[in-house]
Amino acid sequence: EYVLSIVRDGEEQIIGSVIDEILPIRGNDPVIRRVQTVHRSGGVSVDSTVSDAQTLAPRWHNGVQPQRMVFLEFDGARVRGMVTPRTGTPRLIDTTLADAAFDSSNWDLAVRALPLEEGDAAIVQLYDVDQQLHRYNIRVADRELRGKSYIVHVIVQLGRNNEAHVWFDDVTRTLLRIETPIQPGVVLKQVLKA
């Protein structure tokens, strides 16, 4: 469980919480089922995804948000589905990407799965229903020894002048914190609840 807050000009305000459940499902076709529930003053959002357990290749995504519902099916580079706003006309999705991509809801899983050492860099390609195909440039800022494991600090280049900062445990791969600028002087924080 994570605390979600906004830091505006140095003042932090808690705006909600995130419950992140990741369940490996074993069998002939092992997958990871992830459910993220975000509680905010504007309502509750629930994103459910299923990804291949070995590669994290997305299989499907079901999102229920206060303003819309999203359903996506992934088959390699092909993405099909529907975005249904609470009011208005549903939008069908049927596209073939130039390359296969991760589900944007699971970008942090892809980052945490990389074998990252200090100074390493990588590119993670993502699919999002609003932005379509986009790439995040990732680099390891530092690794700090805490107890028997390292805390890895990764910088994720979201755009030209926009960087998110991610911290996770190198041994357990537990996400500890994410800080994402959402506008000048405003940062969205997600911190593991103690």
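- Counting only heavy atoms from C-beta outward, the side chains of P66 and S45 approach each other to under 4.5 Å.
- Counting only heavy atoms from C-beta outward, the side chains of L175 and V166 approach each other to under 4.5 Å.
- A salt bridge links E163 with R139: at least one charged nitrogen is closer than 4.0 Å to a carboxylate oxygen.
- Partners of K193 according to the salt bridge (charged side-chain N to carboxylate O under 4.0 Å, His left out) rule, which considers only residues two or more places apart in sequence or in another chain, are E1.
- Under a 3.5 Å cut-off, the side chain of D128 and the backbone N or O of Q131 do form a donor-acceptor pair.
- Looking at D169 and T174, their side chains never bring a donor and an acceptor atom within 3.5 Å of each other.
- The distance from atom CD1 of I178 to atom CZ of F168, rounded to the nearest 0.5 Å, is 11.0 Å.
- For the pair R143 and Y150, the distance from NZ or CZ to the six-membered ring centre is under 6.0 Å and the angle to the ring normal is within 45 degrees.
- With salt bridges taken as basic N to acidic carboxylate O contacts below 4.0 Å, none links E73 and R59.
- The shortest distance between side-chain heavy atoms of L72 and I93 falls below 4.5 Å.
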Could you walk me through whether T180 and L158 pass side chain to side chain contact (heavy atoms under 4.5 Å, CB included), step by step?
CA-CA 9 Å; T180 308; L158 303 174; 3.7 Å; yes
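- For the atom pair OG1 of T49 and CZ of R33, the computed distance is 8.5 Å after rounding to the nearest 0.5 Å.
- Without hydrogens or angle criteria, R173 side chain to D170 main chain gives a donor-acceptor distance under 3.5 Å.
- Interatomic distance, D142 CG to H153 NE2, rounded to the nearest 0.5 Å: 6.0 Å.
- Looking only at atom types and distance, the side chain of D47 has a donor-acceptor partner in the side chain of H61 under 3.5 Å away.
- Looking only at distances, no side-chain donor or acceptor of Q125 sits under 3.5 Å from a matching main-chain atom of L133.
- Rounding to the nearest 0.5 Å places OG of S5 at 8.5 Å from CD of E179.
- Clustering ILVMFWY residues whenever any of their side-chain heavy atoms sit less than 4.5 angstrom apart, transitively, puts L4 in the very cluster that holds V156.
- Going from atom NZ of K189 over to atom OH of Y2 covers 14.5 Å, rounded to the nearest 0.5 Å.
- Separating the CG atom in N106 from the OG atom in S51 is a distance of 4.5 Å, to the nearest 0.5 Å.
- Side-chain heavy atoms closer than 4.5 Å link hydrophobic residues (I, L, V, M, F, W, Y) into clusters, and following such links, even through other members, never connects L56 to W60.
- In the hydrophobic clustering of ILVMFWY residues, with side-chain heavy atoms under 4.5 Å counting as a link, L192 and V38 come out together.
- R135 has its side chain within reach of D99: a pair of non-hydrogen atoms, C-beta onward, lies under 4.5 Å apart.
- Within the 4.5 Å cutoff, no side-chain heavy atoms of I32 are placed close to those of I25.
- Nearest approach of T55 to F102, heavy atoms of both residues: O-CE2, 3.5 Å.
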Salt bridge (Lys or Arg N to Asp or Glu O under 4.0 Å) between D103 and R34: does it pass, once the steps are laid out?
CA-CA 12 Å; D103 183 337; R34 183 182 203 187; over 6 Å; no
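- V129 and Q132 get closest at one heavy-atom pair: O-NE2, 3.4 Å.
- Grouping the Ile, Leu, Val, Met, Phe, Trp and Tyr side chains by contacts below 4.5 angstrom, directly or via other members, places V152 apart from I155.
- Counting only residues at least two apart or on different chains, no ring pair (Phe, Tyr, Trp, His ring centres under 6.0 Å) pair has a member in residues 32-56.
- Taking every heavy atom of both residues into account, L114 and A122 meet most closely at CD1-CB, 3.8 Å.
- Hydrophobic clustering keeps M82 apart from F74 (ILVMFWY residues linked when any side-chain heavy atoms are closer than 4.5 Å, directly or through intermediates).
- Sorted by first then second residue, the side-chain hydrogen bond (donor to acceptor under 3.5 Å, both in side chains) pairs that include residues 77-90, not counting sequence neighbours, are R78-D94.
- Across all their heavy atoms, P30 and G27 have their closest contact at CD-O, 3.6 Å.
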